[in-house]
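Shown next, in C-alpha coordinates, is the structure this report addresses.
Lettering follows sequence order; numbering is per chain, from 1. Only heavy atoms go into these numbers, but all of them, side chains included; no hydrogens, no water, no symmetry mates.
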Number of protein chains: 2
Amino acid sequence: MEKQYSISDLAKEFDISNRTLRFYEEKGILQPTRNKSTRIYSASDRVTLRLLLRGKRLGFSLQECVDIISMYDPESGSEAQLQSLLEKIQEKQKLLKQQQTDIKLMLIDLKSAETKCLESLK
Amino acid sequence: MEKQYSISDLAKEFDISNRTLRFYEEKGILQPTRNKSTRIYSASDRVTLRLLLRGKRLGFSLQECVDIISMYDPESGSEAQLQSLLEKIQEKQKLLKQQQTDIKLMLIDLKSAETKCLESLK
DNA sequence: ATTTACCTTTACGTTAACGTAAAGTTTGGG
DNA sequence: CCCAAACTTTACGTTAACGTAAAGGTAAAT
(Lines give C-alpha, C1' and ligand atoms only; values in the text may rest on other atoms or scores of the structure.)
Protein backbone atom coordinates (compact mmCIF):
# COMPACT_ATOMS: atom_id res chain seq x y z
CA MET A 1 0.00 0.00 0.00
CA GLU A 2 1.37 3.38 -1.03
CA LYS A 3 2.02 6.07 1.50
CA GLN A 4 -0.65 8.62 2.12
CA TYR A 5 -0.60 12.08 3.59
CA SER A 6 -3.07 14.46 5.17
CA ILE A 7 -3.06 18.10 4.20
CA SER A 8 -1.27 19.02 7.40
CA ASP A 9 1.31 16.31 6.90
CA LEU A 10 2.47 17.88 3.67
CA ALA A 11 2.07 21.42 4.94
CA LYS A 12 4.38 20.71 7.84
CA GLU A 13 6.88 18.75 5.82
CA PHE A 14 7.29 21.48 3.25
CA ASP A 15 6.66 24.40 5.56
CA ILE A 16 3.72 25.83 3.68
CA SER A 17 0.14 26.52 4.78
CA ASN A 18 -2.87 24.29 4.36
CA ARG A 19 -4.42 27.12 2.41
CA THR A 20 -1.58 26.94 -0.05
CA LEU A 21 -2.25 23.25 -0.68
CA ARG A 22 -5.94 23.93 -1.21
CA PHE A 23 -5.02 26.74 -3.53
CA TYR A 24 -2.81 24.46 -5.58
CA GLU A 25 -5.73 22.09 -5.88
CA GLU A 26 -8.04 24.88 -7.03
CA LYS A 27 -5.49 25.57 -9.73
CA GLY A 28 -5.51 21.93 -10.74
CA ILE A 29 -1.90 21.37 -9.78
CA LEU A 30 -2.59 18.73 -7.16
CA GLN A 31 -5.46 16.25 -7.24
CA PRO A 32 -5.72 14.48 -3.90
CA THR A 33 -8.39 11.84 -3.51
CA ARG A 34 -10.93 12.10 -0.74
CA ASN A 35 -12.08 10.17 2.29
CA LYS A 36 -15.55 11.62 2.75
CA SER A 37 -14.55 15.20 2.27
CA THR A 38 -11.06 14.98 3.69
CA ARG A 39 -8.16 15.28 1.29
CA ILE A 40 -5.74 12.38 0.93
CA TYR A 41 -2.48 13.03 -0.84
CA SER A 42 -0.54 10.29 -2.60
CA ALA A 43 3.21 9.82 -2.96
CA SER A 44 2.84 11.15 -6.47
CA ASP A 45 1.16 14.32 -5.21
CA ARG A 46 4.09 14.73 -2.89
CA VAL A 47 6.57 14.46 -5.73
CA THR A 48 4.68 17.00 -7.75
CA LEU A 49 4.66 19.34 -4.78
CA ARG A 50 8.37 18.92 -4.31
CA LEU A 51 9.04 19.77 -7.93
CA LEU A 52 6.69 22.71 -7.74
CA LEU A 53 8.43 24.20 -4.72
CA ARG A 54 11.79 23.70 -6.35
CA GLY A 55 10.56 25.78 -9.26
CA LYS A 56 9.22 28.43 -6.93
CA ARG A 57 12.55 28.73 -5.17
CA LEU A 58 14.01 29.61 -8.56
CA GLY A 59 11.51 32.40 -9.00
CA PHE A 60 9.19 30.72 -11.47
CA SER A 61 5.48 31.44 -11.34
CA LEU A 62 3.09 28.61 -10.56
CA GLN A 63 2.13 28.39 -14.19
CA GLU A 64 5.73 28.19 -15.27
CA CYS A 65 6.35 25.49 -12.69
CA VAL A 66 3.43 23.51 -14.03
CA ASP A 67 4.72 23.94 -17.55
CA ILE A 68 8.17 22.80 -16.58
CA ILE A 69 6.91 19.77 -14.68
CA SER A 70 4.82 18.77 -17.67
CA MET A 71 7.98 18.76 -19.75
CA TYR A 72 9.47 16.01 -17.67
CA ASP A 73 7.29 13.32 -19.20
CA PRO A 74 6.96 13.74 -22.93
CA GLU A 75 3.57 12.09 -23.35
CA SER A 76 4.43 11.34 -26.92
CA GLY A 77 2.67 13.38 -29.53
CA SER A 78 3.01 14.36 -33.14
CA GLU A 79 6.35 15.39 -34.51
CA ALA A 80 5.26 19.01 -34.43
CA GLN A 81 4.34 18.72 -30.77
CA LEU A 82 7.63 17.09 -29.95
CA GLN A 83 9.49 19.81 -31.81
CA SER A 84 7.63 22.48 -29.91
CA LEU A 85 8.26 20.72 -26.61
CA LEU A 86 11.93 20.40 -27.44
CA GLU A 87 12.20 24.11 -28.04
CA LYS A 88 10.51 24.91 -24.76
CA ILE A 89 12.85 22.59 -22.93
CA GLN A 90 15.88 24.22 -24.48
CA GLU A 91 14.55 27.67 -23.69
CA LYS A 92 14.23 26.78 -20.05
CA GLN A 93 17.71 25.34 -20.07
CA LYS A 94 19.02 28.61 -21.41
CA LEU A 95 17.18 30.54 -18.74
CA LEU A 96 18.59 28.33 -16.02
CA LYS A 97 22.10 28.80 -17.30
CA GLN A 98 21.61 32.54 -17.21
CA GLN A 99 20.55 32.13 -13.61
CA GLN A 100 23.66 30.13 -12.90
CA THR A 101 25.88 32.94 -14.04
CA ASP A 102 23.77 35.49 -12.18
CA ILE A 103 24.21 33.49 -9.01
CA LYS A 104 27.93 33.20 -9.48
CA LEU A 105 28.24 36.95 -9.94
CA MET A 106 26.10 37.68 -6.92
CA LEU A 107 28.09 35.24 -4.84
CA ILE A 108 31.28 37.01 -5.82
CA ASP A 109 29.86 40.35 -4.76
CA LEU A 110 28.60 38.91 -1.50
CA LYS A 111 31.90 37.24 -0.80
CA SER A 112 33.69 40.53 -1.22
CA ALA A 113 31.15 42.25 1.03
CA GLU A 114 31.62 39.50 3.60
CA THR A 115 35.36 39.99 3.55
CA LYS A 116 35.05 43.74 4.04
CA CYS A 117 32.69 43.11 6.89
CA LEU A 118 35.06 40.69 8.58
CA GLU A 119 37.98 43.06 8.19
CA SER A 120 36.03 45.87 9.78
CA LEU A 121 35.20 43.61 12.68
CA LYS A 122 38.82 42.91 13.60
CA MET B 1 32.00 64.14 -18.30
CA GLU B 2 30.15 61.05 -17.18
CA LYS B 3 27.73 59.29 -19.46
CA GLN B 4 24.07 60.15 -19.20
CA TYR B 5 20.94 58.33 -20.24
CA SER B 6 17.35 59.20 -20.97
CA ILE B 7 14.58 57.05 -19.62
CA SER B 8 14.10 55.41 -23.00
CA ASP B 9 17.80 54.77 -23.37
CA LEU B 10 17.80 52.58 -20.29
CA ALA B 11 14.41 51.06 -21.02
CA LYS B 12 15.60 49.90 -24.42
CA GLU B 13 18.97 48.72 -23.23
CA PHE B 14 17.49 46.57 -20.49
CA ASP B 15 14.26 45.70 -22.27
CA ILE B 16 11.92 47.10 -19.65
CA SER B 17 9.23 49.77 -19.88
CA ASN B 18 9.56 53.45 -19.10
CA ARG B 19 6.83 52.93 -16.54
CA THR B 20 9.01 50.41 -14.79
CA LEU B 21 11.81 52.95 -14.46
CA ARG B 22 9.43 55.55 -13.09
CA PHE B 23 8.09 52.97 -10.71
CA TYR B 24 11.58 52.19 -9.45
CA GLU B 25 12.04 55.88 -8.81
CA GLU B 26 8.76 56.08 -6.88
CA LYS B 27 10.12 53.30 -4.74
CA GLY B 28 13.30 55.23 -4.15
CA ILE B 29 15.48 52.70 -5.92
CA LEU B 30 16.73 55.04 -8.62
CA GLN B 31 17.24 58.79 -8.23
CA PRO B 32 17.86 60.35 -11.62
CA THR B 33 18.54 64.07 -11.75
CA ARG B 34 16.39 66.33 -13.87
CA ASN B 35 16.71 68.69 -16.80
CA LYS B 36 13.58 70.78 -16.37
CA SER B 37 11.29 67.89 -15.68
CA THR B 38 13.01 65.29 -17.81
CA ARG B 39 14.83 62.49 -16.05
CA ILE B 40 18.56 62.09 -16.54
CA TYR B 41 20.12 58.84 -15.43
CA SER B 42 23.78 58.59 -14.46
CA ALA B 43 26.23 55.74 -14.94
CA SER B 44 25.68 54.91 -11.31
CA ASP B 45 21.91 54.64 -11.82
CA ARG B 46 22.66 52.29 -14.64
CA VAL B 47 24.79 50.07 -12.45
CA THR B 48 22.12 49.98 -9.78
CA LEU B 49 19.57 49.02 -12.40
CA ARG B 50 21.78 46.25 -13.70
CA LEU B 51 22.20 44.82 -10.22
CA LEU B 52 18.49 45.13 -9.57
CA LEU B 53 17.55 43.22 -12.69
CA ARG B 54 20.08 40.55 -11.90
CA GLY B 55 18.35 40.06 -8.57
CA LYS B 56 14.97 39.95 -10.24
CA ARG B 57 16.11 37.24 -12.62
CA LEU B 58 16.89 35.17 -9.56
CA GLY B 59 13.36 35.60 -8.27
CA PHE B 60 14.03 38.17 -5.58
CA SER B 61 11.44 40.83 -4.83
CA LEU B 62 12.34 44.45 -5.39
CA GLN B 63 12.79 44.98 -1.68
CA GLU B 64 15.09 41.98 -1.44
CA CYS B 65 17.10 43.28 -4.38
CA VAL B 66 17.46 46.64 -2.68
CA ASP B 67 18.53 44.94 0.51
CA ILE B 68 21.10 42.86 -1.30
CA ILE B 69 22.51 45.79 -3.21
CA SER B 70 22.85 47.73 0.01
CA MET B 71 24.97 44.91 1.36
CA TYR B 72 27.59 45.48 -1.29
CA ASP B 73 28.97 48.58 0.33
CA PRO B 74 29.27 48.19 4.09
CA GLU B 75 28.86 51.84 5.01
CA SER B 76 30.72 51.18 8.23
CA GLY B 77 28.67 51.16 11.37
CA SER B 78 28.80 49.93 14.91
CA GLU B 79 30.03 46.45 15.65
CA ALA B 80 26.47 45.34 16.22
CA GLN B 81 25.43 46.65 12.83
CA LEU B 82 28.34 44.96 11.15
CA GLN B 83 27.49 41.70 12.86
CA SER B 84 23.90 41.95 11.72
CA LEU B 85 24.97 42.79 8.19
CA LEU B 86 27.35 39.86 8.16
CA GLU B 87 24.57 37.49 9.12
CA LYS B 88 22.33 38.83 6.39
CA ILE B 89 25.09 38.40 3.85
CA GLN B 90 25.68 34.82 4.88
CA GLU B 91 21.97 34.08 4.82
CA LYS B 92 21.76 35.26 1.23
CA GLN B 93 24.79 33.19 0.33
CA LYS B 94 23.07 30.14 1.75
CA LEU B 95 19.94 30.87 -0.23
CA LEU B 96 21.93 31.27 -3.43
CA LYS B 97 23.67 27.96 -2.88
CA GLN B 98 20.31 26.29 -2.42
CA GLN B 99 19.32 27.81 -5.74
CA GLN B 100 22.45 26.45 -7.33
CA THR B 101 21.56 22.91 -6.37
CA ASP B 102 17.94 23.47 -7.43
CA ILE B 103 19.15 24.58 -10.83
CA LYS B 104 21.46 21.62 -11.21
CA LEU B 105 18.63 19.23 -10.39
CA MET B 106 16.27 20.91 -12.78
CA LEU B 107 18.87 20.89 -15.51
CA ILE B 108 19.32 17.16 -15.03
CA ASP B 109 15.59 16.60 -15.38
CA LEU B 110 15.42 18.81 -18.44
CA LYS B 111 18.40 17.11 -20.02
CA SER B 112 16.72 13.75 -19.60
CA ALA B 113 13.50 15.13 -21.06
CA GLU B 114 15.45 16.57 -23.96
CA THR B 115 17.04 13.23 -24.65
CA LYS B 116 13.70 11.45 -24.64
CA CYS B 117 12.37 14.05 -26.98
CA LEU B 118 15.24 13.65 -29.39
CA GLU B 119 14.92 9.88 -29.35
CA SER B 120 11.23 10.10 -30.16
CA LEU B 121 12.05 12.37 -33.05
CA LYS B 122 14.33 9.89 -34.81
C1' DA C 1 3.06 76.71 -37.76
C1' DT C 2 2.11 72.23 -36.93
C1' DT C 3 3.24 67.61 -36.84
C1' DT C 4 6.13 64.15 -34.64
C1' DA C 5 8.43 62.29 -31.07
C1' DC C 6 9.71 62.55 -27.03
C1' DC C 7 8.87 63.58 -22.18
C1' DT C 8 5.82 64.51 -17.87
C1' DT C 9 2.15 63.61 -13.88
C1' DT C 10 -2.02 61.59 -12.00
C1' DA C 11 -4.68 57.93 -11.18
C1' DC C 12 -7.28 53.92 -11.66
C1' DG C 13 -6.84 48.80 -13.21
C1' DT C 14 -4.84 44.13 -13.13
C1' DT C 15 -2.82 39.63 -11.88
C1' DA C 16 -0.68 36.24 -8.98
C1' DA C 17 -0.50 33.90 -4.86
C1' DC C 18 -2.03 33.35 -1.29
C1' DG C 19 -4.01 35.28 3.94
C1' DT C 20 -7.73 35.41 6.89
C1' DA C 21 -12.13 35.11 8.86
C1' DA C 22 -16.65 32.89 9.34
C1' DA C 23 -19.42 29.03 9.77
C1' DG C 24 -20.00 24.24 9.76
C1' DT C 25 -18.60 18.88 9.90
C1' DT C 26 -16.08 14.85 11.72
C1' DT C 27 -13.47 12.14 14.89
C1' DG C 28 -10.86 10.27 18.70
C1' DG C 29 -10.13 10.93 23.87
C1' DG C 30 -11.58 11.53 28.69
C1' DC D 1 -21.73 12.90 26.21
C1' DC D 2 -18.83 16.55 25.27
C1' DC D 3 -14.76 18.84 24.00
C1' DA D 4 -10.78 19.76 21.29
C1' DA D 5 -8.36 19.11 17.19
C1' DA D 6 -8.51 18.21 12.89
C1' DC D 7 -10.87 18.86 8.60
C1' DT D 8 -14.20 21.32 5.24
C1' DT D 9 -16.27 25.33 2.07
C1' DT D 10 -17.19 30.10 0.92
C1' DA D 11 -15.78 34.43 0.30
C1' DC D 12 -13.71 38.72 0.88
C1' DG D 13 -8.95 41.03 1.69
C1' DT D 14 -4.06 41.99 0.62
C1' DT D 15 0.45 42.97 -1.57
C1' DA D 16 3.71 43.46 -5.24
C1' DA D 17 4.86 45.10 -9.54
C1' DC D 18 3.78 47.10 -12.75
C1' DG D 19 -0.01 48.22 -17.15
C1' DT D 20 -2.70 51.54 -19.19
C1' DA D 21 -5.21 55.56 -20.16
C1' DA D 22 -5.90 60.55 -19.86
C1' DA D 23 -4.22 65.04 -20.27
C1' DG D 24 -0.67 67.89 -21.05
C1' DG D 25 4.40 70.14 -21.76
C1' DT D 26 8.70 70.70 -25.00
C1' DA D 27 11.77 70.56 -28.86
C1' DA D 28 13.26 69.46 -33.37
C1' DA D 29 11.91 68.81 -38.08
C1' DT D 30 9.01 69.52 -42.02
Side-chain angles (χ1 to χ4, degrees), chain A residues 3-42 45-46 48-70 92 95 98-99 102, chain B residues 3-42 45-46 48-70 92 95 98-99 102:
Chain A
K3 267 216 168 185
Q4 296 187 158
Y5 309 86
S6 78
I7 191 167
S8 290
D9 287 343
L10 288 188
K12 281 172 194 163
E13 176 175 359
F14 292 103
D15 196 31
I16 58 182
S17 72
N18 293 21
R19 174 69 176 95
T20 296
L21 283 163
R22 295 196 188 100
F23 178 71
Y24 290 166
E25 185 177 357
E26 271 180 53
K27 293 282 151 176
I29 302 178
L30 298 176
Q31 287 114 22
T33 57
R34 304 276 179 141
N35 177 359
K36 290 280 188 180
S37 65
T38 301
R39 274 163 256 256
I40 300 178
Y41 294 87
S42 69
D45 289 322
R46 186 160 162 275
T48 301
L49 181 57
R50 182 188 299 284
L51 293 176
L52 186 78
L53 296 177
R54 191 177 75 185
K56 288 215 67 193
R57 282 196 300 273
L58 294 177
F60 291 110
S61 72
L62 283 185
Q63 189 52 58
E64 283 173 319
C65 290
V66 168
D67 292 349
I68 293 173
I69 293 175
S70 82
K92 288 297 171 190
L95 224 155
Q98 170 68 54
Q99 286 195 315
D102 282 332
Chain B
K3 267 217 169 185
Q4 297 187 156
Y5 309 86
S6 77
I7 191 168
S8 289
D9 286 343
L10 289 188
K12 281 171 195 166
E13 176 175 359
F14 292 102
D15 196 30
I16 59 183
S17 72
N18 292 21
R19 174 70 177 95
T20 295
L21 283 164
R22 295 197 187 101
F23 178 72
Y24 291 167
E25 185 177 357
E26 270 180 53
K27 293 282 152 177
I29 303 176
L30 298 177
Q31 286 114 23
T33 57
R34 304 276 178 141
N35 177 358
K36 290 280 191 179
S37 65
T38 301
R39 276 163 254 255
I40 299 178
Y41 293 86
S42 69
D45 290 322
R46 186 159 162 275
T48 301
L49 180 58
R50 182 188 299 287
L51 292 177
L52 186 78
L53 296 177
R54 190 177 75 184
K56 289 214 67 195
R57 282 196 300 273
L58 294 176
F60 292 110
S61 72
L62 283 184
Q63 188 53 58
E64 283 174 318
C65 291
V66 168
D67 292 349
I68 293 174
I69 293 174
S70 82
K92 287 298 170 189
L95 224 156
Q98 169 68 54
Q99 285 195 314
D102 282 332

CZ of B:R39 to CZ of B:R22: how many Å apart, nearest 0.5 Å? 5.5 Å
Regarding the side chain of B:S8, the nearest nucleotide among D:dA17, C:dC6, D:dT9 is C:dC6
Quick check on side-chain contact (heavy atoms from CB on, under 4.5 Å): which of B:D9, B:L49, B:T20, B:L21 does B:F14 satisfy it with? B:L49
Could you say whether A:L62 or A:S37 is positioned toward the 5' end of DNA chain C, judged by the nucleotide with the nearest heavy atom to each? A:L62
Separation of atom CG in B:L53 from atom P in D:dA17, rounded to whole Å: 13 Å
Would you mind telling me which residue lines up with the more 5' stretch of DNA chain D, B:K56 or B:K36, judged by nearest nucleotide? B:K56
Should A:L30 and A:Y41 count as side-chain neighbours, where that means a heavy-atom distance under 4.5 Å? yes
Could you tell me the separation between the CD1 atom of A:I7 and the C1' atom of D:dT8, rounded to a whole number of Å? 9 Å
Between A:T38 and D:dA6, is there a contact of a side-chain N or O with OP1 or OP2 at under 4.0 Å? no
Rounded to the nearest 0.5 Å, how far apart are CD of B:Q63 and CG of B:D67? 4.5 Å
Residues B:E25 and B:R34 bridged, charged N to O under 4.0 Å: yes
Indicate whether OP1 or OP2 belonging to D:dC7 is found under 4.0 Å from a side-chain N or O atom of A:R39. no
Can you tell which of D:dA17, C:dT9, C:dA17 lies closest to the side chain of B:R34? C:dT9
Rounded distance (Å) that lies between atom P of D:dA16 and atom CG of B:L52: 15 Å
Say whether B:D45 and B:T48, considering side chains only, have a donor N or O and an acceptor N or O under 3.5 Å apart. no
The correct set of residues in residues 15-27 of chain A placing a heavy atom under 4.0 Å from DNA chain D is A:N18, A:R19, A:R22
Between A:Q63 (CD) and C:dA16 (P), how many Å, whole number? 9 Å
State, with a plain yes or no, whether a side-chain heavy atom of B:S8 is found less than 4.5 Å away from one of B:N18. yes
When the axes are fitted on five pairs at both termini, how much does the helix from C:dA1-D:dT30 to C:dG30-D:dC1 curve, in 10° steps? 10°
note: A:N35, atom CG; D:dT8, atom C1'; distance rounded to Å ~ 13 Å
What distance separates B:I16 CD1 from B:L52 CG, expressed to the nearest 0.5 Å? 8.5 Å
Roughly how far, to the nearest 0.5 Å, is CG of B:D102 from CD of A:Q99? 10.0 Å
When the distance from CZ of B:F60 to P of D:dT15 is rounded to whole Å, what number comes out? 23 Å
Integer-rounded Å distance: C:dA17 C1' and A:F14 CZ: 19 Å
Report the distance from atom CG of B:D9 to atom P of C:dA5, rounded to the nearest whole Å. 17 Å
